[in-house]
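Report on the following structure.
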Amino acid sequence: MNPLGFPLLSLLTWLPLVGCGIIMSVRGDEATVASNARWTALWTSLIVFALSLVLWVRFDQSDPGFQFVESAAWLPQWNIAYKMGVDGISVLFVLLSTVLTPICILASWESITVRVREYMLAFLVLETMMVGMFCALDFVVFYMFFEGVLLPMYLIIGIWGGPRRVYAAIKFFLFTLAGSVLMLLALLAMWYSAGTTDIPTLLHTVFPASMQTWLFLAFLASFAVKVPMWPVHTWLPDAHVEAPTAGSVILAGVLLKMGAYGFLRFSVPMLPAASASLAPLMFTLSVVAVIYTSYVALAQQDMKKLIAYSSIAHMGVVTIGIFTFNVQGISGALFQMLSHGVVSGALFLCVGVVYDRMHTREIARYGGLAERMPAYAFVFMLFTLASMGLPGTGGFVGEFLVLVGAFKVNFWLALLGSLGMILGTAYMLWLYRRVIFGALTRAELRDILDLSPREVAVFAPLVILTLWMGVYPSSFTGFWDASVGAMVEHHQAALATAVKLAGVLH
Amino acid sequence: MGILMVGVLSKRDSFFLASMLTVGAFLLAAALVIAGPAGQGYNGLFTTDTFSAFVKLLVLAAAALGVIVSLDYNEHANLRRFEFPVLMLYATVGMMVMVSATNLMSLYLGLELQSLSIYVLAAFARDELRSAEAGLKYFVLGSLASGLLLYGISLVYGFAGTMEFGRLVQALADPANASAGLIVGIVFIVAGLAFKISAVPFHMWTPDVYEGAPTPVTAFMSTAPKVAGIALLMRVMASPFGHLLVQWQQIIIVMSVLSMLLGSLAAIGQRNIKRLMAYSSIGHIGYALIGLAAGSQAGLRGVLIYMLTYVFMNAGTFACILAMRRRGRMLEQISDLSGLARTDPGLALAFAVFMFSMAGIPPFAGFWGKYFIFTAAVQSGLWTLAVIGVLTSVIGAYYYIRIIKVIYFDAAVEAFDPRPASLSVVAAASALFTTFFFLFPAPFVAAAEAAAKVFVF
């Protein structure tokens with residue numbers, strides 16, 4: 001089954017549910033239950049994280065195929081199986097999910113005071129869904145996890161969110177569902193055409209060109225909403241603003257990556273002809289997203305909204321990278337996804353820190369925090385710079401590689417894409433200046449406290465990761481070099497065959 | 001076979017005893033269905049095969065759940081009369097006959113036995129105006145539908161010269177033999193049956209009757225007769241008129257699209273949960289009809305799986321609705337559920353599971369029903385229907401998650417009265433089935449597949 005002889009990925013996926021079982025069995029008064037739930041959730045997610053480190057260590061970087069594969073019969077008549085496995089593209093996202101979950105739980109330690117048990121349950125279920133989705137090697141299994149993510153996230157936004165949480169939660173749910181159901185039809189069509197939903201098999205199945213376009217559009221409906229791409233991004237600012245801090249972290253850190261991961265796992269390798277012919281569309285949408293949402297970000301009064309719009313811009317860079325179809329572009333997209341997962345998550349945590357103290361996210365209500373909160377100012381600065389893509393931080397490597405990839409395709413694409421970086425610098429620095437620098441004019445900010453030890457513990461791993469990614473990126477890119485190389489080769493071979501076929505026919 | 005059970009209890013006067021005996025009779029009948037041999041009886045009026053066995057088991061399960069959820073309600077609503085379970089028993093016998101009918105005459109008899117019992121059940125709370133109105137409305141419209149059906153049957157008999165399914169198949173083996181009169185007859189039969197399963201445009205009665213009838217009767221009406229009705233429609237369309245697929249497919253497609261649209265759009269504005277469930281059931285029938293419209297074994301299999309998941313979600317939801325009682329008064333407004341997650345987390349969780357499942361969110365059972373239905377539609381190339389289906393399911397999801405919103409997001413109000421054990425059992429069992437269906441779908445799918453194999457297209 002796999003080198004370790006036991007189903008590691010299934011364990012990673014389902015272990016959080018065991019934690020759920022323990023949390024549910026706790027009895028007692030509300031305070032006991034809350035504290036038990038917190039500790040159980042933290043320990044469960046830490047154990048999952050520790051186990052996921054095995055993936056980091058034992059993953060064979062030279063193998064472009066799937067590793068740690070396990071499978072069990074599920075619906076054998078239809079060639080649908082429970083199959084799990086990771087390759088270079090997905091393995092780090094599993095790790096990203098397992099890293100962010102304990103951080104989120106720790107970050108909501110004090111800010112969540114009502115219905116703590118349900119909150120922790122929702123987060124553990126969410127972890128199961130996220131990890132399962134990145135590990136799934138069967139399309140039906142993938143779809144179940146992909147949609148399953150909606151349930152806990154809907155509850156997290158709706159129960160523990162801000163004043164307009166109901167609107168945001170329902171909008172989030174319906175947008176995402178509308179996209180996913182079209183993907184379901186694409187799934188069924190692929191199953192009908194190929195006779196199986198096994199992802200490794202589908203990767204090498206050639207679908208007829210006319211069908212590819214339709215399938216691609218159906219996938220696009222689903223993944224574009226998730227990424228989110230312009231013009232279906234409108235759910236994201238609402239969801240981010242209303243979600244509790246940890247919810248925003250997971251949303252930005254992992255959920256947005258699901259869409260881009262979907263493009264990389266399904267659209268590009270399975271539908272090469274349609275991907276190539278529709279790439280201009282994807283570039284246009286991405287460039288519009290990068291420039292338009294950056295401008296929108298400049299105009300925001302609310303910190304979370306600003307970061308939400310910057311997320312859309314950054315994800316636009318990711319989709320540009322994916323559809324360049326060259327090693328640099330895709331590798332850069334993957335790197336950007338990882339670093340954005342860490343950095344934007346961290347930025348939302350930064351907002352959460354001051355929000356917990358002042359209960360407002362309005363930029364104008366802050367100013368001069370550097371005086372009172374030096375440690376906070378440092379951490380915030382680091383992530384601001386990383387978000388701008390300063391060399392030495394994780395943000396730089398990804399954007400640089402994507403732009404290199406984009407240059408190979410089209411000069412204007414790269415130029416317009418890099419506009420996003422400039423605008424990004426503008427809005428992030430401006431945000432930072434207005435919140436941290438200037439005179440401390442407001443009376444209520446005078447006795448604001450700096451980071452508590454718990455908050456330091458939350459930020460420390462993210463700081464380390466961001467710097468590590470910036471300083472020594474090859475310890476991350478090494479994971480996917482082989483897989484991305486194989487994917488690009490496969491893509492070009494498929495296109496060449498298609499051209500040859502067309503030549504024969506004419 | 002089901003007929004054996006009728007005589008079991010005629011002179012019992014204890015409601016509880018009668019109910020228990022009825023459930024016992026259902027169990028016995030289920031055992032007999034499983035053990036019974038396949039074959040024909042009564043000169044081809046009555047057939048048992050894997051299809052009838054599957055549907056009968058489902059009908060019996062649904063009916064048994066219906067009896068159990070009625071126990072407590074009838075205690076409180078002063079409807080403690082032994083006729084109640086006996087009528088349910090009669091209705092179920094009617095359904096068993098319907099499911100096994102292989103002659104238009106026995107089909108009609110079964111349908112009428114079922115309908116008459118349910119007319120009475122709908123009006124069972126005779127001191128209450130709404131219930132009487134519901135019963136009367138259902139009766140008048142139902143009789144009209146029966147008339148249509150009967151007229152259709154007579155047309156078919158007139159033009160084909162037989163009412164036996166086997167002979168009809170032979171007579172219609174060549175679609176060219178089908179005369180216009182026969183087609184008109186089929187249209188009338190479809191119309192009559194569509195009324196029974198409340199497919200648009202024959203759905204008008206559903207919201208009013210669902211709202212007016214005593215809640216356990218609504219629970220019963222929305223499960224077992226729906227299963228039997230759609231099974232009957234499947235058998236009639238697939239077996240005697242199977243060769244006329246091209247002719248009836250159009251009608252089914254139109255009904256399916258209209259049902260899905262109306263079911264999802266009209267439900268949005270509802271405030272009363274029973275009315276909402278009425279529109280929801282119309283929508284669900286629309287999805288099930290997609291499978292029939294596919295006109296393939298895969299489609300029929302999809303319908304069977306869909307109905308299987310539907311029965312459990314629906315019975316569970318009604319168990320939850322029946323638990324909505326405050327200081328002895330039944331509540332029916334959606335807003336009464338406000339903050340249920342605080343006051344009764346268990347019930348709230350079950351309710352949420354059913355709502356997510358009805359919206360078709362994986363991994364719950366409702367997703368699998370839709371999955372197999374859409375699989376069939378895609379296989380038959382019914383792309384438009386499939387796209388309309390998934391999009392209406394998104395619209396439908398809105399009102400399901402709105403209920404979850406009320407339960408989980410809104411401020412808590414006063415708690416409900418303690419739940420009786422019978423409702424908890426039904427809700428919990430259905431919730432478990434709905435949640436964990438994904439772990440073991442294979443045996444159910446295989447059974448449905450075997451059942452669908454009875455029909456050849």
Side-chain angles (χ1 to χ4, degrees), chain A residues 24 73-78 80 82 114-115 117-118 121-122 128-129 132 140-151 154-161 165-167 169-193 197 214 218 221, chain B residues 298 301 339 341-342 345-346 348-349 352-353 355-357 359-364 367-368 370-381 383 385-387 389-402 404-410 412 438-446 449:
Chain A
M24 275 207 266
W74 194 21
L75 277 168
Q77 305 100 303
W78 290 276
I80 299 172
Y82 171 78
V114 287
R115 292 155 98 179
R117 181 212 299 249
E118 286 86 349
L121 285 176
T128 288
M129 297 296 176
V140 177
V141 180
F142 171 85
Y143 186 81
M144 285 183 64
F145 285 122
F146 190 84
E147 287 261 282
V149 168
L150 288 182
L151 310 179
Y154 173 68
L155 296 176
I156 288 172
I157 298 177
I159 300 181
W160 295 278
R165 59 206 160 86
V166 173
Y167 169 78
I170 290 184
K171 191 169 179 184
F172 161 76
F173 194 95
L174 292 182
F175 261 72
T176 326
L177 183 66
S180 321
V181 291
L182 292 173
M183 179 171 77
L184 176 65
L185 288 184
L187 184 166
L188 293 172
M190 285 177 124
W191 166 79
Y192 184 47
S193 166
T197 52
W214 286 108
Chain B
R301 181 192 73 205
R342 296 290 194 95
L349 184 66
V353 165
M355 290 299 116
F356 276 133
S357 174
I361 309 293
F364 299 115
F367 164 72
W368 291 98
K370 290 206 168 68
Y371 177 85
F372 284 104
I373 289 281
F374 289 130
T375 308
V378 166
Q379 275 178 320
S380 300
W383 281 104
L385 195 56
V387 171
V390 294
L391 292 182
T392 53
S393 83
V394 176
I395 303 174
Y398 169 71
Y399 62 81
Y400 293 125
I401 63 169
R402 200 172 56 110
I404 298 175
K405 172 229 143 199
V406 173
I407 294 177
Y408 275 90
F409 304 171
D410 287 359
F438 78 98
L439 288 180
F440 45 84
F444 293 106
V445 179
E449 175 114 32

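Protein chains get the first letters and strands the later ones, always in sequence-line order, with residue 1 at the start of each. The structure displayed is predicted, hence computed values, not measured ones.
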How about [X] and [Y]: do any of their side-chain heavy atoms sit closer than 4.5 Å?
{"X": "A:V141", "Y": "B:F438", "result": "no"}
{"X": "A:F173", "Y": "B:V394", "result": "no"}
{"X": "B:F364", "Y": "A:M144", "result": "no"}
{"X": "A:Y154", "Y": "B:F356", "result": "yes"}
{"X": "A:W74", "Y": "B:P441", "result": "yes"}

Pairwise distance CG(A:L150) to CD1(B:I361) - rounded to 0.5 angstrom
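Between atom CG of A:L150 and atom CD1 of B:I361 there are 6.0 Å.
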If you measure from CD1 on A:I170 to CZ on B:R402, what distance do you get to the nearest 0.5 Å?
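Here the rounded value is 8.0 Å.
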Please look at A:A169 and chain B and tell me whether the side chain, the backbone, both or neither of the residue comes under 4.5 angstrom of a heavy atom of that chain.
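Answer is side chain: those atoms of A:A169 sit under 4.5 Å from chain B.
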What part of A:L155 gets closer than 4.5 Å to chain B, counting heavy atoms only: side chain, backbone, both or neither?
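Its backbone and side chain both get close to chain B.
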Most contacts with chain A, counted as non-hydrogen pairs under 4.5 angstrom, among B:L391, B:I401, B:D410:
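Heavy-atom pairs under 4.5 Å are most numerous for B:I401.
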For [X], is it the side chain, the backbone, both or neither that has a heavy atom under 4.5 Å from a heavy atom of chain A?
{"X": "B:L439", "answer": "backbone"}
{"X": "B:A377", "answer": "neither"}
{"X": "B:F444", "answer": "neither"}

Mind listing the closest non-hydrogen atom pair of A:L151 and B:P362 along with its distance?
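That closest heavy-atom pairing would be CD1-O, 4.2 Å.
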Side-chain donor-acceptor pairs under 3.5 Å in residues 182-192 of chain A, sequence neighbours left out?
from, atom 1, to, atom 2, distance (Å)
A:W191, NE1, A:W78, O, 3.1
A:Y192, OH, B:Q379, O, 3.3

Quick one: list whatever passes salt bridge (charged side-chain N to carboxylate O under 4.0 Å, His left out) with A:R165, sequence neighbours left out.
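Scan of A:R165 (salt bridge (charged side-chain N to carboxylate O under 4.0 Å, His left out), adjacent residues dropped) gives none.
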Check for me whether the distance between the ring centres of A:Y143 and B:F367 falls short of 6.0 Å.
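Yes, the ring centres sit under 6.0 Å apart.
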Using the side-chain contact (heavy atoms from CB on, under 4.5 Å) rule, take A:I157 and B:F409 through it: C-alpha gap first, then chi angles, then the decisive distance, then the call.
CA-CA 10 Å; A:I157 298 177; B:F409 304 171; over 6 Å; no
